Structure formats: C-alpha cells, structure tokens
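Notes follow the structure.
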Amino acid sequence: MNIFNEVRESIHKVVHSLYPDAPLAKITVEPPRDATHGDMATNAAMILSKVAGKPPRAVAEELVEKLKASNPNITKADIAGPGFINLALKPEAFRAVLGHALLAGAKNFGDGTIGKSEKVNVEYVSANPTGPLTVGHARGAIFGDAVANLMLKAGYAVQKEYYINDAGKQVEVLTDSVILRIREAAGENIGEIPAGCYPGEYLKDVAKAYLESHKTWDDRKTVRDFAIRFLMNEIKIDLGELGVKHDLFVSEAEILNSGAVAKAMDQLTGLGLIYQGVLEPPKGKTPDDWEPREQTLFKSTDFGDDVDRPMKKSDGSTTYFANDIAHYFHMHKMGYDRLINVVGADHGGYVKRAKAAVKAITQGKAELDLPLVSIVHVTDNGQPVRMSKRAGTFITLRDMMDRVGSGVMRFIMLTREAGQTLEFDYTRVTEQSKDNPYFYVQYAHARCCSVMKHAKEMFGAVTDTDLAKADLSRLERPEEMAIIKLIATWPRVVEQAATASEPHRIAYFAQDMAAAFHGLWNKGRDDGTLRFLIENDKQLSLARLALVRGVAVTIAAALNVIGVEPLDELRSDTELEAA
RNA sequence: GAUCCCGUAGCUCAACUGGAUAGAGCAUCUGCCUUCUAAGCAGAGGGUUACAGGUUCAAGUCCUGUCGGGAUCGCCA
C-alpha cells in the first residue's frame, strides 16, 4: 500500500487526458521538504509547461480543480513557488496506512511491486578462498545483502550469489603457502615465509587440519582442494554469523571445467568480437618489463570500453576476465537479465569492460551493474586500530564481529553511501547514547515494546489485529499525524532505495523514524495529554497504542532489510554487544 | 598520460536518482532534572555545496574545463 503511488496514478490520469503526449514518467509525487507545504507535492505543471506551451503556473491553474476531483482523498490543491502543486489529503487516508501496517506486520509492510518479479542476480562477497574475510569484505557483504533484501522487498525475484574465485594464480599461491605450513607442522624448519606466499598464520590451522586426515602432501590438487574447502567453510561460518546467507555458490573452477568459457569465447568469436592483436602500452606509466606482444583480444571498445581486453594468458589459459564473461553469460542463460555485482572500489577500472562484455555477449539483452564499495577505516576512540597479525595484514571480519556484534556492524556499515569511505569507531558504535545511530534506533523500538508492556498491565493484552480496528480518528494531534505520515512514506522509501540500490537510505529512514518517536515520547514528558496511555480513556489509549505499534512495525521492517534483529529491551550495557 | 570514485557547516555525513529557504549528529553558546518517560530535552549561531563556465522554468545533483584527495591501468581477481 503506497499512498504516494495512488495519488500519482490519479495525477497521471488527469494529465494524460489533457496532454496525451506528456512524459508521465517525469511527473512525480513526493512529500515536501517543508511540512507546511502540505502532504504531497507534484511537479506536474512544471514538467507539462513545455508540452502545453504555457508557463508552469498557468498549467497548474488548469490542473488544480481536476486533481481535486480525481481522487477522493485529496482535499486541497494549491499552487506554490515556480509551479508546484501542493496537495493536502484527508487524515483518514494516512490513518488507513497505519491500519494496513499493523495488519501487514514488519515482514510485509512496505512490500512493493515495482520489481514485477523480474529475476535479478546479486553477486557479492565473492572473496578468494585464500584467507579469512576482512572488514572490507564485511562491508561488501552487508551492502550486497541489503541491496538484495531491498530488491526482494520491492518485488524482484532475487538470487544471492557468491562466486568462488577458486581458479588461477592466487589459489596456486595458496597451495604453495599451505604446503609450506604443512611441512612446518610436520616438524620441518621452513625459515621465513618467502615473498611470493601468504604469510598469514591462519594457514597453520589449515595445515594442522590437513595432517589430521592426510599423510602426504605430494599431490598439489589434494592440498589445494582441501585448503579451499577449509577456507570456504570458515568464510561461510563468518558470513552465517553476520547473517549473510547466499542462495547460490558458483565455482570459477567448475565454470572452467564445464566448458562454459570456451562457449563464451565461441559466442564472441561468432559475433566477430575476438581478434589477435597488440595492445599499446599505457601512456605515462610504462611497466619496466613492457614489450609488445600479440594476444587474443576482445573488442570491448565497441561497447564503451577504453581499450580492448586480453582473453588469454601467454600460457594459453583464459584470463579472469574471460572467465567472468563466461560466468555472466551463464547467468544470462539461466534467465537473469539483471545482474548486480558488488565489488570493491579498487575494481573501479573493471566496471567499463565488464559492462561492455555483458552487453556484447548477451547482445544487449542483459544489463550489469557494478556498485563500488569503498574501504573501511577502523578506529577505536579516534585512534587507528592495529591490524591483526594473525590475518597477515588486515583486520578480519571475525575481529570486528567479536568486538561489536553483527547487528552493530550491519547497521553502522549502512550509515554511509557505499562509494564513501567509512569510518568505523569501536568506541562510538558501542556506546549507548544518541550519537550512536544503532542504539538510537534500537532504543526507539525498545521503548515501543515497553509501552506495550505497560498497556498490558493497564488494559490487558491486545494484538495488532485488535489495534488495527481501534478508532484511529482519535489520533488527531499534529505530533501524532506527523508520525503517521512518516510511517506512510515507508513503502515509498523502499521503492526509491531499491531503484537506486542505496540501502543506506533505509538506515537513515530508521533514524528519522526513531527521532520522530523519541520526540513524541519527550513531549509526553512535558505534556501529560500526549502520553500513550491515558488510564480513563481506553479508546484513546488503544488508538495511540496502534500508533506505537505502527512505529515498532515500521522500524522492525527497516531493520529487517538491513538485516538487524529489532530488540525488545535494552538492559545492561553488555547487552548491546550480545545483540 | 588515461579511466573511475570522491570533494557539502570546525568534525562525521544526509539531501527522496533535476525541485521550493541545502538538512542531521558531534562540537560551541543559552535555558531546563525533589515529576510518571532525562542512558536526556527545548532553542541559537554556524554555508559562495572545491573553483570557473554551460544546459532550463529550476543545478549540490546533468555537461565541459581547472584544482585537490583516493583507486586502477597486458598474462592478480
């Protein structure tokens, strides 16, 4: 139930009857920044100005009466500023959304239909199985998971995918490194870890586990497969505790073995996009060992890339890029024409060629998006946190999760736009104060629950279904209506955040919701008539409880998307960590 | 040299994919706890949105250029 879409439909009908050629998609309905402007504002007159050949305000004059007649909920339509039409709606229209929210519950409130059940594949994390996940991976995991949740809620058929990069050079390096550690564990003195190997001490665990079930380490494949399985298992455990669960794990090695890469190459060759050629060296910064070399190239410049890209290494094996193309092509053939691949900001240079490749190999049928997730600066009380020795160079996801808990991580990591670097301060994100958005939002939810407990003592237990039937017209104070209207924007927020792939908007909405509720709570402290529970007026109390539950449901719905469990109470100061 | 990300209040960041007077928190200043709901509340100050042009009814948002920070640049993924 999206009240903004309903009004927009009415407006579109009116506009279409007057101007059949009008660009309806550009005509929007939004809550005005300034609440005194009304409940909703539309830019229709300004958009139509061109088609109509009249100034915006003249078009607006023409529209207002018709708009009022178009939808029984609209009570007022005023022209303002450069040609905005400000609309006022009956309070009942908003109260109806509140009733709806209570019946829908946190799980379903805000569900949208814009996705039209379109199949979307969201690929994220996809870390090499060569070591533990880092906080950088954590951010990508949380962002990707939230995007997937968002799109699911907006009505897309979402698949969450982890693409395991278990082929190529890095796993060979891993194998070498593990064999070293096995020899070490077997009593051999291996000295310093050579430069080309992974130094992380976590590989000792791999070696130890290996020796428990194997006697020799002559066969590289056996060691490699064991190490990958072991490390992938660790990764899955970490992700599981973080609350990230993929629907599908795809192995790069399997893609290779299945012949999919060869098929993708054939497809591109058939399209005339593969050729033998020599690349120019990059200008300004020529690598020392540069020498012109003929190689197998993909003509990605035909699809917006800057240079053509190599598909084969000098040893004849395919490049990771070729393998990725095969992977994308595979997803396309599985019916996914909307592909989202969350990658780290260091992959920025990869975006153009990947998009080009998908466009080329699916002949424009599929579209690939590659949101970039920036790095995380971990601090503690403003001081940079030292990196974990055990992991080699990085702070691990595990370090952070043990320190602050997964709920805090998920929320805080979504309080910044993905493209921005994120500062994550251990002290600040765990303190119980208004400065900590995680706490602030949870506290609002807990307060709602606390009110319900008191209500139970005063009036007996009530369900959300009961409350949805309460006389909501008793909610007439401006403060109450403001919150109801905020609740009514939730479905719209979901829609907007999903189309933009920007889950941080959900975190901000949750904070707005919490702030509004805390505000009302505080007013009740000064003004007794604004309290939720009025002992001698049960009907009013029930209406207000409906509002309280509406807030709780909406916050819980937002936290669901983020992947955080809403808390019913915040007890001692250690509870936050346990959450 | 090229490409991509970024530049908003002293600090950390928003701004509904082009909308009205650019908003929050921190910090600063001014008022508030013998009270149910102060792990706080109410209010104030703080801006040439890096800079210069352009597009249009309208630009923090789109285009061009400049400056500054970051990332990447043939057989790592």
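Numbered from 1 within each chain, the chains take letters A, B, ... in sequence-line order. Because the structure is predicted, anything quoted here is derived from the model rather than measured.
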Take atom P in B/A2 and the same atom in B/A20, then report the distance between them in whole Å.
36 Å
Using the P atom in both, what is the distance from B/U61 to B/G74, to the nearest Å?
34 Å
Quick one: CG on A/Leu24 to NE2 on A/His12, what's the gap to the nearest 0.5 Å?
5.0 Å
To the nearest 0.5 Å, what is the distance between CD1 on A/Ile325 and CZ on A/Arg353?
10.0 Å
Can you tell me how far [atom2] of [N] sits from [atom1] of [X], to the nearest Å?
X: A/Tyr438; N: B/A39; atom1: OH; atom2: P; value: 19 Å
X: A/Arg353; N: B/C4; atom1: CZ; atom2: P; value: 13 Å
X: A/Arg525; N: B/A42; atom1: CZ; atom2: C1'; value: 10 Å
X: A/Trp290; N: B/G1; atom1: CH2; atom2: P; value: 19 Å
X: A/Lys485; N: B/C16; atom1: NZ; atom2: C1'; value: 18 Å
X: A/Phe321; N: B/U72; atom1: CZ; atom2: P; value: 19 Å
X: A/Asp346; N: B/C4; atom1: CG; atom2: P; value: 17 Å
X: A/His518; N: B/G25; atom1: NE2; atom2: P; value: 13 Å

Geometric class of the A/Phe517/A/Phe532 ring pair [parallel <30°, tilted 30-60°, perpendicular >60°]:
parallel
Measure the acute angle between the ring planes of A/His518 and A/Tyr440, then classify it against the limits of 30° and 60° as parallel, tilted or perpendicular.
tilted
Does [N] have OP1 or OP2 under 4.0 Å away from a side-chain N or O of [X]?
X: A/Gln511; N: B/C13; answer: no
X: A/Lys352; N: B/A2; answer: no
X: A/Tyr350; N: B/A77; answer: no

Where the side chain of [X] is defined as all heavy atoms beyond and including C-beta, which of [options] is the nearest nucleotide?
X: A/Leu570; options: B/A20, B/A39, B/A15; answer: B/A39
X: A/Asn522; options: B/U56, B/C13, B/C41; answer: B/C41
X: A/Pro282; options: B/C73, B/C6, B/C41; answer: B/C73
X: A/Lys313; options: B/G19, B/C76, B/U37; answer: B/C76
X: A/Gln432; options: B/A20, B/A39, B/C76; answer: B/A39
X: A/Glu30; options: B/C16, B/A14, B/C76; answer: B/C16

Give [X] one of three labels, base, sugar-phosphate or nothing, depending on what nucleic acid heavy atoms sit under 4.0 Å from its own.
X: A/Phe84; result: base
X: A/Pro56; result: nothing
X: A/Glu291; result: base
X: A/Asn341; result: nothing
X: A/Ser126; result: nothing
X: A/Ser314; result: base
X: A/Gly83; result: nothing
X: A/Gly168; result: sugar-phosphate
X: A/Pro31; result: base
X: A/Ile47; result: base
X: A/Phe532; result: base

Over-ring placement of A/Lys359 relative to A/Phe303, 6.0 Å and 45° cut-offs:
no
Quick check with a 6.0 Å cut-off and a 45 degree axis cone: is A/Arg492 positioned over the face of A/Phe4's six-membered ring?
yes
Quick check on RNA chain B: between A/Val351 and A/Arg531, whose nearest nucleotide comes earlier from the 5' end?
A/Val351
Pick the nucleotide of RNA chain B nearest each of A/Asp435 and A/Tyr443; which residue has the one closer to the 5' end?
A/Asp435
For RNA chain B, the residues among residues 488-507 of chain A that have a non-hydrogen atom under 4.0 Å from it:
A/Arg492, A/Gln496, A/His504, A/Arg505
Looking at [N], which nucleotide sits across from it as a Watson-Crick or G-U wobble partner, both distances under 3.5 angstrom, or is there none?
N: B/G60; value: none
N: B/G40; value: B/C32
N: B/C16; value: none
N: B/C4; value: B/G70

Could you tell me whether a side-chain N or O of A/His445 sits under 3.5 Å from a main-chain N or O of A/Leu567, the two making a donor and an acceptor?
yes
Using O4'-C1'-N9-C4 for purines and O4'-C1'-N1-C2 for pyrimidines, with syn meaning within 90° of 0, is B/C33 syn or anti?
syn
Using the six-membered ring for Trp and the full ring for Phe, Tyr or His, decide whether A/His37 stacks on the six-membered base ring of B/A20 (centres under 5.5 Å, planes under 30°).
yes
Non-hydrogen side-chain atoms of A/Phe298 and A/Ile274 separated by less than 4.5 Å:
yes
Taking every non-hydrogen atom, the tightest pair across A/Leu486 and A/Thr489
O-OG1, 2.6 Å
Quick one: do A/Asp435 and A/Arg428 make a salt bridge, cutoff under 4.0 Å?
no
